[in-house]
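Note that the structure is a prediction, hence the values are computed from the model and not measured. Each chain gets a letter, A, B and so on, in the order the sequences are listed, and its residues count up from 1.
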Number of protein chains: 4
Amino acid sequence: MTRSRARRFRATLYRQLFPEGWQGKGLSPANKIIVAAILVAIGTSVLETEPTISEQPGFAIAAGILDVIFGTLFVSEYIARLWAAGEDPRFAGLAGRLRYAFAPIALLDLIATAPVVVTLGVTDVFVLRSFRVLRIVLIARLGEFSVAARLLGYAVRARRHELLLSAVIAAVVMLLAATSLYFAEGTAQPDNFGSIPRALWWAIVTLTTVGYGDAYPVTVAGRLLAGLSAVAAIGIIAMPTGILAAGFSEAFRQSRERRVGDPASTP
Amino acid sequence: MTRSRARRFRATLYRQLFPEGWQGKGLSPANKIIVAAILVAIGTSVLETEPTISEQPGFAIAAGILDVIFGTLFVSEYIARLWAAGEDPRFAGLAGRLRYAFAPIALLDLIATAPVVVTLGVTDVFVLRSFRVLRIVLIARLGEFSVAARLLGYAVRARRHELLLSAVIAAVVMLLAATSLYFAEGTAQPDNFGSIPRALWWAIVTLTTVGYGDAYPVTVAGRLLAGLSAVAAIGIIAMPTGILAAGFSEAFRQSRERRVGDPASTP
Amino acid sequence: MTRSRARRFRATLYRQLFPEGWQGKGLSPANKIIVAAILVAIGTSVLETEPTISEQPGFAIAAGILDVIFGTLFVSEYIARLWAAGEDPRFAGLAGRLRYAFAPIALLDLIATAPVVVTLGVTDVFVLRSFRVLRIVLIARLGEFSVAARLLGYAVRARRHELLLSAVIAAVVMLLAATSLYFAEGTAQPDNFGSIPRALWWAIVTLTTVGYGDAYPVTVAGRLLAGLSAVAAIGIIAMPTGILAAGFSEAFRQSRERRVGDPASTP
Amino acid sequence: MTRSRARRFRATLYRQLFPEGWQGKGLSPANKIIVAAILVAIGTSVLETEPTISEQPGFAIAAGILDVIFGTLFVSEYIARLWAAGEDPRFAGLAGRLRYAFAPIALLDLIATAPVVVTLGVTDVFVLRSFRVLRIVLIARLGEFSVAARLLGYAVRARRHELLLSAVIAAVVMLLAATSLYFAEGTAQPDNFGSIPRALWWAIVTLTTVGYGDAYPVTVAGRLLAGLSAVAAIGIIAMPTGILAAGFSEAFRQSRERRVGDPASTP
């Protein structure tokens, strides 16, 4: 009887933890809690790096407690997921579990979970913790977002050559802009334009229209060339935007037509 | 006879105040006056916060007079609207009026109107007055804009998953950019990059291409990573723009086809 | 015979000056010269405002000579255009000429030409000269650009309600951003955020992603709100871009279909 | 036999060096090496301009060795390409080779290769070296990118009038913005707005949303006009983006339809 209860529990766990197993709308309650815990864990480890917070009295104790809580939660989740994976015929038995554990998603999960165990108590573990961000990306692909992710991914892949080509054009324009400003402004402002790598910093800040204002030309020739570069910046932004817009248009149309053509689907 | 005159007046009021009742093109004359009054009321309460204006002699009197004028107008309008709502069978009688008064739009109207009465003469009432801005949004949905609002709203809702997904991607890129700049620049510029929350301010200002110039990397590693972030910024802007462009394209096409297919409509 | 020669000359002038009369591709030679003269005239009057140029010895004489040359050219052109307009049956005779002279385009031409005569020799006449820029706009509508101008104009007009609505949304977001920063930063930085009109300058510079860096929040609350505003900026740019992209898509498709459907046309 | 071996070698060279001759996917191994060599050569000549690098001991020797290596490689490649071109019937024989050598692409190749020979040992030859960047553009058109390049090029050409018109509109808006700021701010900030050419620098930096922050208005009138300009900036960016998006949409659709319609093609 205990065995059958264990099986029922494993089936419940599978339904709760694996989006393939969950038949309701959106995420399962367990996955909602995990997503929330990941967000809180990321938020607290972001805040822990701020000196005005970490220098508060009692901070070390609070941070340690949070570490233990999140560590226990994520390790339990990993073990539960490994056990429940057996519900899927592909991952049944010990061999199946190993196959599951070495699948890219589960490995990523392990990398994102392991630090908790390894570094419990250690203080500067942000790098390892930052892998938790990757789990957000994974979860963003679940539930209702999976269709959206597939559509966007399809459109980007279908237009990858056009996007790469516009990146190559942007790189060439950036190099030309940096080279011309190096010749026009190099003598007037050696600190900012005295070499092409230095001018490239200006070029990237200008052509992406960020424009910090730490480097800008002051000579007439430099300003004429920078003006041309700024105008080219519009093209550098417009080109990938236009390609993505056209690609998404195509992907949305195709997904609609497929649904329209398929008599089994009700949109 | 007075009663029938009152009914005729109420019918006129209904036609003038309720867009459902107005059969002409655009807004009714009464609604045009109210929209203008709201705009002037918002404009004056914006200007009243400016010290160089509020310190002028005679300012308090002028502001008080404007308060009384706008107060009287908006309260009269609210009462008139409540009374005229009875023309609509759904809101007839006292029960109907109460039902009308507790509908979300009328409640919002009350919130935006009430401060005038409550704070007549009090000086620092901007917060409450700022609710008047909400009334603009409501009015923007009226008249010829209602079709446009429905189209845009439909397109945004239809593509909400794609838009949210691109927001999640943007958030992850922002966090990664802030984390990497924290490691690269944290020692060189502890004020701007000494913690991840501080680096996040830089990341958001850069990845939206605002680029104030209050924080920017100065080390080689920091500039390389910031250059990559600036390039990623193009994607972060291009992705939602492309999704909206494709979504609007779809919505416009569907609205045209429906009109073309429907024999009762003359575009 | 002189009369018939005058007629032939007028017919030639008409073909040269009026795009309706010119049957070749692009602009007629006379109109090309006029466009070039307008560009040079604008260029020189822009440069004349620069002190380092206008303080050169001999500048006054050179500027005076240019004024006489451009003045003579543009006045001659105006008279020639008035005379040649008679070739068009609608503008024949004295009455027709008057009708032509009071048409909006000819009036604009007169406003842009008149200053030359009125101010010959006077120095600070840039305001009047700047009307010449309007002539560029007129000429941009001629020749091969007329189809493009009609397409773009059609698309913008067809989606004017959507564009206006996105402008209203942008204005409301701007006001909300300015109001919240006024509350969050007003005490810390009274010069930049001490009133809503002052905060509006920050809001407009941020929400258009220009980001001069003359005003930016320094408090935690201010930075959180400014971060939200910067993210909203992406929407404020993406929305009209998406509407225009979808509108142009529609206009291009319709223009193609009309050409495909019309048997008389060869694209 | 040596003759036939030479022919076989020439045929191999042709297949390796000419994308027309390569039947595999992507670039041939030889072209991959050449592309990598070009990228490394550009990278090193960019870094050579940086004083902190060029002032290292032993730099001159290392740079000289790199020059000889890249020089030998690119000259060998040019000669090999000239010889192997004979495989193409159009370029067979001496006359054919001359015809090949004077084709635009081969001339550009020569310009980009020649500096290596001419300036071997000379130090400040960056200008000539920068022609190597042009070779990237040529190579970007090869292999899998050729379809993408044709599609993007077709879309831009098909909408060239619309794009030019939006450039004309942007230029007129820029001139109007500069002129109005010259009047509003000229007296308050003669250095930044004291002439229209100076104000044009501000206008171009603002209307492309770069916003360095070296020049911005401080008077009320100037800020009102600058605010209007910043809003116009959104239109100046949105218009070409929208045109490109619609143009790409059209081009992608046509390329798909052609492939669908053409029975000989298998997408």
Side-chain angles (χ1 to χ4, degrees), chain C residues 42 45-54 126-127 130 133-134 136-137 139-141 144-149 151-152 155-156 163 167 170-171 174 197-198 200-201 203-205 207-214 236-253 256, chain D residues 158-166 168-169 171-172 175-176 178-180 182-183 186 190 194-200 205-218 220 223-224 226-235 237-239 241-250 253:
Chain C
I42 290 169
S45 44
V46 160
L47 289 176
E48 280 173 19
T49 63
E50 172 59 40
T52 58
I53 290 172
S54 65
F126 191 85
V127 193
S130 63
V133 168
L134 296 170
I136 294 186
V137 183
I139 278 158
R141 292 176 50 208
E144 287 164 313
F145 288 104
S146 62
V147 180
L151 266 179
L152 295 191
V156 170
L163 289 170
M174 240 166 231
R198 289 174 199 198
L200 265 171
W201 171 246
I204 207 164
V205 167
L207 288 169
T208 57
T209 79
V210 170
Y212 290 128
D214 57 338
I236 281 173
I237 289 173
M239 197 144 249
T241 307
I243 295 170
L244 283 179
F248 291 152
S249 240
E250 214 175 12
F252 294 169
R253 205 185 45 72
R256 203 178 45 241
Chain D
R159 293 298 155 206
R160 67 187 180 284
H161 289 131
E162 283 83 7
L163 289 170
L164 266 169
L165 192 60
S166 77
V168 169
I169 293 168
V172 169
L175 198 52
L176 290 177
T179 306
S180 54
Y182 160 64
F183 284 113
S195 74
I196 295 178
R198 288 174 199 198
L200 266 171
V205 167
T206 299
L207 288 170
T208 56
T209 79
V210 171
Y212 290 128
D214 57 338
Y216 48 84
V218 293
V220 172
R223 289 191 166 187
L224 281 175
L228 279 177
S229 305
V231 171
I234 293 179
I237 289 173
M239 198 145 249
T241 307
I243 295 170
L244 283 179
F248 291 151
S249 240
E250 216 176 11
R253 204 184 45 72

[X] to [Y] - nearest heavy-atom pair and separation:
X	Y	answer
C:Leu47	D:Pro197	CD2-CG, 4.1 Å
D:Gly242	C:Phe248	C-CD1, 3.5 Å
C:Ala245	D:Ala246	O-CB, 3.8 Å
D:Ala230	C:Thr208	O-CG2, 3.5 Å

Q: Could you check which of C:Ala251, C:Ala167, C:Ser249 has the highest count of heavy-atom pairs closer than 4.5 Å to chain D?
A: C:Ser249
**Q.** Options C:Asp214, C:Ile236, C:Ile237, ranked by heavy-atom pairs under 4.5 Å with chain D, top entry
**A.**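 Winner by heavy-atom pair count: C:Asp214.
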Q.
Which one wins on heavy-atom pair count under 4.5 Å against chain C: D:Ala238, D:Ala199, D:Ser195?
A.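 Of the options given, most contacts go to D:Ser195.
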Reported [atom1]-to-[atom2] distance for the pair [X] and [Y], which is rounded to 0.5 angstrom:
X	Y	atom1	atom2	result
D:Glu250	C:Arg256	CD	CZ	4.5 Å
D:Thr241	C:Leu244	OG1	CG	9.0 Å
C:Leu152	D:Arg159	CG	CZ	9.0 Å
D:Ile234	C:Met239	CD1	CE	12.5 Å
D:Ile243	C:Phe252	CD1	CZ	6.0 Å

Interchain contact, [X] with chain C, by part (heavy-atom threshold 4.5 Å):
X	value
D:Ala233	neither
D:Val231	both
D:Ala215	backbone
D:Thr206	both
D:Pro190	neither

Q: Could you tell me whether a side-chain N or O of C:Thr209 sits under 3.5 Å from a main-chain N or O of D:Thr209, the two making a donor and an acceptor?
A: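 A pair under 3.5 Å: no.
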Q) For C:Leu151 and D:Glu162, what are the C-alpha separation, side-chain angles and deciding distance, and is it a side-chain contact (heavy atoms from CB on, under 4.5 Å)? A) CA-CA 8 Å; C:Leu151 266 179; D:Glu162 283 83 7; 3.4 Å; yes
Q | Which atoms of C:Val205 approach chain D - backbone, side chain, both or neither, heavy atom under 4.5 Å | A | neither
